[in-house]
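Reading through the structure tokens given below for one structure.
Here is how names work: the chains are called A, B, and so on, in the same order as the sequence lines, proteins then strands, and each is numbered from 1.
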Amino acid sequence: MLRVYNTLTRKKENFETIEPGLVKMYVCGPTVYSDAHVGHAMSALVFDIVRRYLEYRGYKVKHVMNFTDVDDKIIARANQMGVDPFALANGYIHDFEEHLSDLNIMPATANPQATRTMDKIQAMIQGLIGKGYAYPAANGDVYFRVTRDDDYGKLSARKLDDMQAGARIEVGELKEHPMDFALWKAAKPGEPAWDSPWGQGRPGWHIECSAMNLHELGEQIDIHGGGNDLIFPHHENEIAQSESFTGKPFARYWMHNGMLQLGGEKMSKSLGNLITITEFLEKRDGDVMRMIVLNGNYRSPLAFTDEALDAAERGLERIKSALRHSSGQGLQPAAPSAKNAPADVLSALAAQTETTQQTFTDSMDDDFNTSGALAGIFDLVRQVNTARDAGATAGQLAPAQATLRELTGVLGLRLAEKTGSSDADKFIALLVEVRGEVRKQKLWPLSDLIRDRLKELGVTIEDSKDGTAWRWS
RNA sequence: GGCGUCGUGGCCAAGUGGUAAGGCAAGGGUCUGCAAAACCCUCAUCACGGGUUCGAAUCCCGUCGACGCCUCCA
């Protein structure tokens, strides 16, 4: 039984979908006004892993991730750069989609944008006004009336009274209550604007997600996700809007990922302590980013340090070591020495394969416990390597390796071996062959020179009893 | 100040009542001409102080500390 931690109840709950076999999942995407950073990547990775596991468990997943493509910051940035705000936003959307692909994140089934959902947004605002949950202000803004919503604050576990006490919000005559928030913002001169019953303007931030949910997934959804910095006010307001509009419970499970920490603080655009995804991928493989996420708990803060990244990288190497054998990609085989492994080694391998499979499912079923799942995977890695060392043939290793491939695949790891050009491969093979002859003559300084120089060129050589294997590294 | 999450070995991190998974690093060993890789061995009593219990990292209370939200934010 899959169990999921629900922010709304602060408990792990049994996972039951509204429609059998189908999961409707909405994840808040970025506001596209600047380069995305690795914190955005973390969020996307977390929910990619959730999705992959749900699909592995046999669910069909409708996965929607939006782009907020009109808001104050986009407009400000575009004005500052002297470009069209829509062009700016679309450029960043394009970049983001490329990043997702680089990180092996599956494309969502739909990527709605605020600017393309305008009629739905307006219809929803109209509906809310009609039901008394919202009111137009004198200046053309439309606000949500929080006092009308009995359980406002339930997601973030705070009460209206408490918030008011600490609020530093100008009360302004426009709002009835300081916590009332904008559904529609009247346009100022020079701002992009749409016609509406309340005059020229654009949607507030929260309403777009409610409208997109309704349009893409319906009145009720299974999973609503995003970073935990969105719990308040964004998701709180979404619930308020959606439930006031439909009169039905909105999302069954609210899932929130923890924040990436850089230097002990949350990585964010406003603090400026960020590493962009582009910068990251210049130095490390996308698998490394995924691995560091998998190693931790998705709900906890994640310390983003070079040390942790190095550890993730080494761990990946270890998993790859178990996947290699005579036919591995990029690995030139040593002569297979397989003489059949002892029976007890093979039965241990078969047993571990089954255990790992079980551990994987048990762990992932427990609120996507990826580090527990990884532990099981590493146990199998060890057993595969042990069996190989004991002389197992490729055929004997194959089932265990297939399981490794499958499970790491569910986690979204690519585990690709590096490759060079096939032209280069031929010359390297020749060089390795020559070095083999040199070694037969025990000309160690020369053979070591070849090994060292190849290493510098990104080719790793490993000698064994059966010959020499090499691969790009 | 209010609300929330959390505090496990050098680092990252599982584990929510029965005597601490896994990864990285480190030390020792096997293999190797040497190396690399792999494999084997070693390495914690769970922030602190009380309490409940036959028994607690795991439940309760308190203290200290960290982080997040309360304003845009994945």
In whole Å, what is the span from the [atom1] atom of [X] to the [atom2] atom of [N]?
X	N	atom1	atom2	answer
Asn273(A)	rG68(B)	CG	C1'	14 Å
Leu397(A)	rC39(B)	CG	P	13 Å
Tyr26(A)	rA74(B)	OH	C1'	13 Å
Gln261(A)	rA13(B)	CD	C1'	15 Å
His206(A)	rU71(B)	NE2	P	11 Å
Lys159(A)	rG2(B)	NZ	C1'	11 Å
Leu45(A)	rA74(B)	CG	P	15 Å
Leu443(A)	rC34(B)	CG	P	17 Å

(request) Assess whether one donor atom and one acceptor atom, taken from the side chain of Arg324(A) and the base of rA37(B), lie less than 3.5 Å apart. (result) no
(request) Can you check whether any acceptor in the base of rC34(B) is under 3.5 Å from a donor in the side chain of Arg451(A), or vice versa? (result) yes
Using a 4.0 Å heavy-atom cut-off, does [X] contact any base of the nucleic acid, only the sugar-phosphate backbone, or nothing at all?
X	answer
Ser270(A)	base
Lys266(A)	base
Asp362(A)	nothing
Gly296(A)	sugar-phosphate
Ile461(A)	base
Gly258(A)	base
His37(A)	base
Ala157(A)	sugar-phosphate
Ile292(A)	nothing

(request) Look at the side-chain N and O atoms of Asn257(A) and state whether any lies under 4.0 Å from the OP1 or OP2 oxygen of rA74(B). (result) no
(message) If the cut-off is 4.0 Å, is Thr31(A) near the phosphate of rA74(B), judged by side-chain N/O to OP1 or OP2?
(response)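 For Thr31(A), the contact criterion (side-chain N or O under 4.0 Å from OP1 or OP2 of rA74(B)) is met.
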Kindly write out the residues that satisfy salt bridge (charged side-chain N to carboxylate O under 4.0 Å, His left out) with [X], not counting sequence neighbours, or none if the list is empty.
X	result
Glu307(A)	none
Glu354(A)	none
Asp69(A)	none
Asp102(A)	none

(request) Return the 5'-most residue of the pair Arg10(A), Asn228(A) with respect to RNA chain B, ranking by each residue's nearest nucleotide. (result)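 That would be Arg10(A).
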(message) Closest-nucleotide mapping onto RNA chain B: is Asp229(A) or Ser447(A) further toward the 5' terminus? I mean the 5' end.
(response)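 On the 5' side of the pair lies Ser447(A).
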(message) Under 6.0 Å between ring centres: does that hold for His235(A) and His256(A)?
(response)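 Close enough - the centres of the two rings lie under 6.0 Å apart.
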(message) Could you work out, with side-chain contact (heavy atoms from CB on, under 4.5 Å) as the rule, every residue matching Ala400(A), not counting sequence neighbours?
(response)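 Partners of Ala400(A) under the side-chain contact (heavy atoms from CB on, under 4.5 Å) test: Leu349(A), Thr353(A), Leu380(A), Val384(A).
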(request) Sugar-phosphate atoms are those with a prime plus P, OP1 and OP2; base atoms are the rest. Using that split, label each nucleotide of nucleotides 22-32 of chain B B, S or - for protein heavy atoms under 4.0 Å, 5' to 3'. (result) BSSS------S
(message) I'd like to know whether Tyr253(A) forms a ring-ring contact (aromatic ring centres under 6.0 Å, His included) with Phe15(A), so could you lay out the CA-CA distance, the side-chain angles of the two residues, the decisive distance to 0.1 Å, and finally the verdict.
(response) CA-CA 8 Å; Tyr253(A) 308 95; Phe15(A) 185 71; 5.0 Å; yes
(request) Go through the structure and list residues passing ring pair (Phe, Tyr, Trp, His ring centres under 6.0 Å) with Phe360(A), not counting sequence neighbours. (result) Tyr56(A)
(message) Working to the nearest 0.5 angstrom, can you tell me the gap between Asn273(A) CG and Phe304(A) CZ?
(response)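 Between Asn273(A) CG and Phe304(A) CZ, I get 12.0 Å after rounding to 0.5 Å.
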(message) I need the full list of salt bridge (charged side-chain N to carboxylate O under 4.0 Å, His left out) pairs touching residues 441-454 of chain A, with sequence neighbours left out, sorted by first then second residue.
(response) Asp448(A)-Arg451(A), Arg451(A)-Asp463(A), Arg453(A)-Glu456(A)
Whole-angstrom distance between [N] and [M], as gauged at atom [atom1]:
N	M	atom1	result
rC34(B)	rA14(B)	P	41 Å
rA13(B)	rC61(B)	C1'	29 Å
rU52(B)	rA56(B)	C1'	10 Å

(message) Expected output is a numbered-order residue list: members of residues 231-239 of chain A with a heavy atom under 4.0 Å from any atom of RNA chain B. What is it?
(response)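 Those residues whose heavy atoms fall under 4.0 Å from RNA chain B, taken from residues 231-239 of chain A in numerical order, are Phe232(A).
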(message) Ring of Phe378(A), cation from Arg318(A) - is the NZ or CZ under 6.0 Å from the centre and inside 45° of the axis?
(response) no
